[in-house]
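The next block holds one structure in the form of structure tokens; read it before the comments.
Given the structure is predicted, the values throughout are model-derived calculations rather than measurements.
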Amino acid sequence: MSACFLQVPMAASIPSTSHSLKNRNLRSVCSCIGSRNSSAKIPMPPVNPNDPFLSKLASVAATSPETLFNRPVNSDTPPYLDIFDSPTLMASPAQVERSVQYNEHNPTSPPPDLPSLLLHGRIVYIGMPLVPAVTELVIAELMYLQWMDPKAPIYMYVNSTGTTRDDGESVGMEAEGFAIYDAMMQLKNEVHTVGVGAAIGHACLLLSAGSKGNRSMMPHSKAMIQQPRVPSSGLMPASDVLIRAKEAVTNRDTLIKLLAKHTENSEETIQTAMRRPFYMDGTRAKEFGVIDKILWRGQESIIADVGAPEEWDKKAGIKAVDGF
């Protein structure tokens, strides 16, 4: 009993995960513990009170030492962590990634991609022809920005050739442009449109569909309206070519009505302008009703200070003379 008593404090107070401790020694120690009087206290070595892990182990060894010996075999849990009520380990990488936030002034994680940063500033940039992938992204961004704040304005920058390429070849269905247009019309937010580079065809429609008073173009950007193109027929049967042609005419009529609505021109005026490609610079686009202003730093204040030619003549003492 004395030898057994001497072995108990060593095994109970300083548990070890070493494989050198044989199972027979564990059984002998446990048998000695069970044979001892339950009222007797097991002597404990001094434990550092600043170490919560060792303090917890010492407490368990003093109250129920059998917990330290009857360990599960082939357990995935690290040794002795299961005796704690709720062990807390290092957060997983996914938890760490979700817990950090990007701040340009105090970056704690890698910066997101550029479209995400623009979206954070409520900016939607259309810089490609209106193919299905572009349409899907733009509509998703518009819906997301409305969900984030249905009152704050959305800034849409348009630099697109519409559903065609520069040479006029069709790259997307006319429905791609109409889809973005319908999404804009369903928004509760104001949409401030800015034309940069070129806004051709359906892209010009999107530029003119912005909130009135908030449609603008850069000084050297262009806008152009044209008739929808029929996709390449190839070896298509004649009946199918006729169906495609009728659909192109329907899309043209729809485009004319929408442009007439947003530019406040008559449908006859739009139809006449669309007979051939109708290019517009900023000034002409403003006169045609596609935009409301040209974005030129300081331009508005300069023009406001400039008087009419008659006023200049009057100040200079010049009088108009009819006929010579």
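- Within the 4.5 Å cutoff, the side chain of M184 has heavy atoms near those of the M156 side chain.
- The closest donor-acceptor contact from the side chain of R122 to the backbone of D149 lies under 3.5 Å.
- Under a hydrophobic-cluster definition in which Ile, Leu, Val, Met, Phe, Trp and Tyr are linked whenever side-chain heavy atoms come within less than 4.5 Å, directly or via other members, V131 and V124 are assigned to the same cluster.
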(request) Starting from the C-alpha separation in whole Å, work towards a yes-or-no answer on side chain to side chain contact (heavy atoms under 4.5 Å, CB included) for I139 and I180. (result) CA-CA 6 Å; I139 294 178; I180 299 177; 4.3 Å; yes
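- Residues K222 and M224 fail the side-chain proximity criterion, which asks for heavy atoms closer than 4.5 Å.
- Note that CE of M143 is 9.5 Å distant from CG of L187, once rounded to the nearest 0.5 Å.
- S208 OG to Y181 OH: the interatomic distance, rounded to the nearest 0.5 Å, is 8.0 Å.
- Distance alone, capped at 3.5 Å, places no donor-acceptor pair between the N214 side chain and the H192 backbone.
- The backbone N or O of L259 lies less than 3.5 Å from no partner atom in the side chain of N265, so there is not a single donor-acceptor pair.
- Taking T283 as the reference, nothing meets the side chain to side chain donor-acceptor pair (under 3.5 Å) condition, with sequence neighbours excluded.
- Of all heavy-atom pairs between A223 and C204, the closest is CB-SG, 4.1 Å.
- Here L258 contributes atom CG and M185 contributes atom CE; the two are 9.0 Å apart, rounded to the nearest 0.5 Å.
- The cluster map of Ile, Leu, Val, Met, Phe, Trp and Tyr, joined by side-chain heavy atoms under 4.5 Å apart, puts L255 and I200 in different clusters.
- Looking only at distances, a side-chain donor or acceptor of N159 sits under 3.5 Å from a matching main-chain atom of A198.
- Of all heavy-atom pairs spanning V171 and P129, the tightest one is CG2-CB, 3.7 Å.
- Put simply, NZ on K293 and CE on M217 are 14.0 Å apart, with the number rounded to the nearest 0.5 Å.
- M173 CE: 12 or fewer foreign heavy atoms inside a 6.0 Å radius.
- Smallest separation of non-hydrogen atoms from P219 and L295: CD-O, 3.0 Å.
- With no hydrogens or angles considered, a side-chain donor-acceptor pair links E176 and T135 at under 3.5 Å.
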(request) With side chain to side chain contact (heavy atoms under 4.5 Å, CB included) as the test, would you mind laying out the steps for R215 and V290 before giving the verdict? (result) CA-CA 8 Å; R215 306 171 303 171; V290 175; over 6 Å; no
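- When atom types are taken as modelled, the side chain of Q146 and the backbone of K188 share a donor-acceptor pair closer than 3.5 angstrom.
- If you take CE on M148 and CD on E141, they are separated by 13.0 Å, rounding to the nearest 0.5 Å.
- By the 4.5 Å heavy-atom criterion applied to side chains, I123 and Y157 are counted as neighbours.
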(request) Assess whether side chain to side chain contact (heavy atoms under 4.5 Å, CB included) is satisfied between H202 and F178, documenting all intermediate values. (result) CA-CA 8 Å; H202 277 268; F178 292 138; 3.4 Å; yes
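- Here the shortest heavy-atom pairing between D292 and S211 reads OD2-O, 4.0 Å.
- Side-chain N or O atoms of S160 include one that pairs as donor or acceptor with a backbone N or O of M128 at under 3.5 Å.
- In this structure, K212 places its NZ atom where more than 12 heavy-atom neighbours from other residues, nucleotides or ligands lie under 6.0 Å away.
- Note that OG1 of T164 and CD of E174 are 8.0 Å apart. Values are rounded to the nearest 0.5 Å.
- Cluster annotation: M218 is not connected to Y279 through the hydrophobic network of ILVMFWY side chains, with a link wherever side-chain heavy atoms come within less than 4.5 Å.
- Scanning all heavy atoms of the two residues, the minimum distance from M280 to A285 falls at CB-N, 3.8 Å.
- Using a 4.5 Å heavy-atom threshold, the side chains of R284 and D281 count as touching.
- For S221 (side chain) and G195 (main-chain N/O), a donor-acceptor pair under 3.5 Å exists by modelled atom type.
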(request) Decide side chain to side chain contact (heavy atoms under 4.5 Å, CB included) for L130 and L206; before the verdict, give the C-alpha distance in whole Å, the side-chain angles of both, and the deciding distance to 0.1 Å. (result) CA-CA 11 Å; L130 301 182; L206 300 181; 4.2 Å; yes
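- Using cut-offs of 30° and 60° for the angle between ring planes, the F288 and F278 rings count as tilted.
- The closest side-chain heavy-atom distance from R252 to I256 is below 4.5 Å.
- Using modelled atom types, one side-chain atom of T193 and one backbone atom of L207 make a donor-acceptor pair closer than 3.5 Å.
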